[in-house]
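What follows is a short report on a single structure.
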Amino acid sequence: MKREMFPGDFLWGVATASYQIEGAYNEDGKGESIWDRFAHAPGKIKDGTTGDVACDHYHRYREDIALLKELGVNAYRFSVSWPRIFPCGKGEVNQKGLDFYDALVDELLKQGIKPLLTLYHWDLPQPLQFHGGWTNTDTVQAFLEYAMLLFKKLGDRVELWATFNEPWCISFLAHELGEHAPGIKDLRTALQVAHNVLVAHGKAVKAFRSENPSGKTGIVLNLYPVHPSSESEQDKEAAILSDCYRNRWFLDPVFKGEYPQELLSVYQKLYGDFAKDYESIQVACEKIDFLGVNYYSREVVSHDPKSILKSKTVKVEAKRTDMGWEIYPQGIQEILVRINREYGPIDLYVTENGAAFKDELKDGEIRDYERIDFLKEHFKNTYYAIQQGVPVKGYFVWSLMDNFEWAHGYSKRFGLFYVDYNDNLKRIPKESARWFKKFLNNEISLE
Ligand SMILES: N=[N+]=NCCCCNC(=O)[C@@H]1[C@H]2[C@H](O)[C@@H](O)[C@H](O)[C@@H](CO)[C@@H]12
């Protein structure tokens with residue numbers, strides 16, 4: 001199974017995100033983001049690092065685009081740092097911020113690489129957070145102004161636009177579990193955030209359509225197959241509610257304009273006032289051109305009477321990545337086929353898939369054979385979905401290079417290129433980069 005067996009216009013790319021690679025956290029007029037503040041707070045990041053410098057991509061973007069060229073990809077997914085454009089979140093525009101993304105897009109196009117731009121990959125301008133962040137509908141309005149400015153400035157050259165990266169993380173991971181910025185631990189707040197982000201998504205898609213009819217918009221969701229640990233009714237019930245929490249809480253509003261009833265009724269029992277939001281979620285259901293699917297692993301759950309979802313995650317015996325996530329390649333096929341069956345027809349992009357492993361630099365080499373095997377199996381399972389008629393239009397490996405892995409700092413390496421943090425952030429191709437390049441050049445097959 002070679003690259004040529006995938007559709008001719010299939011996009012093969014890699015993905016990154018602004019806060020994770022850019023650095024220059026306070027340069028050229030950029031404002032503070034919630035991740036700048038969160039990373040600087042003691043104890044939030046496991047290795048005590050920040051994204052202040054990261055991979056210094058802000059200054060090295062030409063070198064990094066040369067790496068894309070070397071790989072042979074035909075697409076690149078990146079995100080724009082909102083506080084680099086609007087240092088205060090709204091109002092005054094930072095021209096140097098716009099100039100950076102203008103130059104980035106021009107260089108990508110010059111190298112024959114198609115950009116997929118993500119408007120929001122978690123780095124909210126801190127001044128907006130002072131006023132409640134995503135719990136405040138003023139932030140929805142500010143997001144629309146930010147999105148409209150970028151549509152105007154880059155819409156002539158960028159065709160693929162994703163509004164949000166992983167609203168599940170923006171809401172639940174960051175506002176219920178507190179593991180990500182702004183580090184709040186309150187379910188009601190998380191639900192309000194999820195709601196406002198979904199509304200912002202729908203409004204931005206509608207505005208985009210009026211401004212740029214030729215472009216294509218979508219949203220990027222992290223999706224997981226959720227399996228019951230046994231065939232018992234209670235475990236199957238646990239899987240249904242966990243699936244609503246992880247997947248359908250965002251899929252259903254975006255494609256059906258409603259929250260999944262099974263879980264909505266649970267939350268309405270907890271928060272009676274939540275009902276009033278239910279009607280306005282129809283705004284989220286603006287027709288989109290594609291869905292970005294971030295796939296990393298599956299979830300296995302069993303009944304847990306103590307939890308709101310009546311479910312708890314079960315750690316099954318399995319091969320795992322350095323993140324502790326089960327390696328489950330058939331899950332990418334399962335999720336792509338399911339989305340097509342239950343929410344299609346809709347063009348799908350695998351906007352992120354990849355793995356962290358304990359990569360070691362030895363004699364100038366990084367022999368990451370586990371990552372090669374991981375990618376090979378996920379490429380094959382993506383192909384099996386295409387063979388079943390699923391309109392998968394592209395695949396982006398997470399990530400181009402090792403970078404700031406959120407609460408894990410630099411301790412987790414997802415890159416095809418190794419970044420030597422002890423040697424001037426030098427980028428060194430891992431074996432997986434060489435393998436990917438050969439695959440893209442039709443030199444090797446996936447068997
Ligand atoms: N409870 N709990 N769960 C944790 C679930 C977190 C899911 N994380 C992701 O999907 C993030 C996505 C992100 O876009 C990228 O910016 C990250 O670097 C990758 C790798 O981590 C993945």
Side-chain angles (χ1 to χ4, degrees), residues 13-22 33-35 38-39 45-46 49 51 54-55 57 77-81 116-124 162-181 183 185 187 190 197 218-226 242 245-247 249-250 292-301 307 309 311-315 320-328 331-332 335 349-357 371 374-375 378 396-416 419:
V14 293
T16 63
S18 46
Y19 187 76
Q20 295 182 268
I21 65 167
E22 287 181 2
S33 78
I34 58 173
W35 268 96
F38 190 76
I45 310 300
K46 288 187 176 64
T49 59
C55 304
H57 175 74
R77 175 176 176 238
F78 66 96
S79 76
V80 173
S81 168
L116 194 163
L117 186 155
T118 306
L119 286 164
Y120 187 81
H121 201 125
W122 308 351
D123 39 1
L124 185 74
T163 52
F164 288 93
N165 180 72
E166 303 196 348
W168 186 89
C169 290
I170 298 169
S171 49
F172 295 114
L173 193 58
H175 291 83
E176 178 195 13
L177 305 178
E179 293 176 27
H180 278 194
K185 295 184 180 179
L187 176 57
V197 166
I219 189 169
V220 173
L221 302 180
N222 50 310
L223 299 174
Y224 308 76
V226 180
S242 183
Y245 174 70
R246 285 200 174 272
N247 301 316
W249 201 253
F250 303 97
V293 176
N294 286 0
Y295 175 76
Y296 285 94
S297 188
R298 68 161 174 173
E299 214 204 358
V300 180
V301 299
S307 101
L309 302 175
S311 83
K312 64 184 175 189
T313 300
V314 170
K315 197 150 183 161
R320 294 179 183 274
T321 70
D322 195 29
M323 293 294 281
W325 299 344
E326 179 183 357
I327 297 174
Y328 193 77
I332 200 168
I335 209 76
Y349 289 93
V350 175
T351 32
E352 287 180 33
N353 175 247
F357 292 108
R371 183 171 289 106
F374 180 98
L375 293 174
H378 285 81
F396 295 80
V397 174
W398 184 269
S399 180
L400 168 64
M401 60 184 140
D402 299 335
N403 58 51
F404 183 79
E405 178 47 41
W406 307 113
H408 294 274
Y410 299 101
S411 66
K412 303 296 179 188
R413 293 177 178 271
F414 277 87
L416 291 167
V419 175

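Along the sequence shown, the residues carry numbers beginning at 1. We count ligands from 1, going down the list as the structure has it; atoms in each ligand are counted the same way. Not measured: the values here are computed from a predicted model.
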Partner set under side-chain contact (heavy atoms from CB on, under 4.5 Å) for Ser171, not counting sequence neighbours: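 Counting only residues at least two positions away or on another chain, Ser171 forms a side-chain contact (heavy atoms from CB on, under 4.5 Å) with Val193, Ala194, Phe250.
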All side-chain contact (heavy atoms from CB on, under 4.5 Å) counterparts of Lys312, not counting sequence neighbours: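 Here the qualifying residues are Ser302, Asp304.
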With Asp402 via salt bridge (Lys or Arg N to Asp or Glu O under 4.0 Å) - residues at least two apart: Arg413, Lys430
Using side-chain heavy atoms (C-beta onward) and a distance below 4.5 Å, is [X] in contact with [Y]?
X      : Y      : value
Leu223 : Asn294 : no
Leu221 : Pro167 : yes
Glu352 : Tyr295 : no

Pairs under 3.5 Å, nitrogen or oxygen of ligand 1 with protein nitrogen or oxygen:
unit_1   : atom_1 : unit_2 : atom_2 : d
ligand 1 : 10 (O) : Glu166 : OE1    : 3.0
ligand 1 : 10 (O) : Glu166 : OE2    : 2.9
ligand 1 : 14 (O) : His121 : NE2    : 3.2
ligand 1 : 14 (O) : Asn165 : ND2    : 3.0
ligand 1 : 14 (O) : Glu352 : OE1    : 3.0
ligand 1 : 14 (O) : Glu352 : OE2    : 2.7
ligand 1 : 16 (O) : Gln20  : OE1    : 2.7
ligand 1 : 16 (O) : His121 : NE2    : 2.9
ligand 1 : 16 (O) : Trp406 : NE1    : 2.8
ligand 1 : 18 (O) : Gln20  : NE2    : 3.0
ligand 1 : 18 (O) : Trp398 : NE1    : 3.3
ligand 1 : 18 (O) : Glu405 : OE1    : 2.7
ligand 1 : 21 (O) : Glu405 : OE2    : 2.7

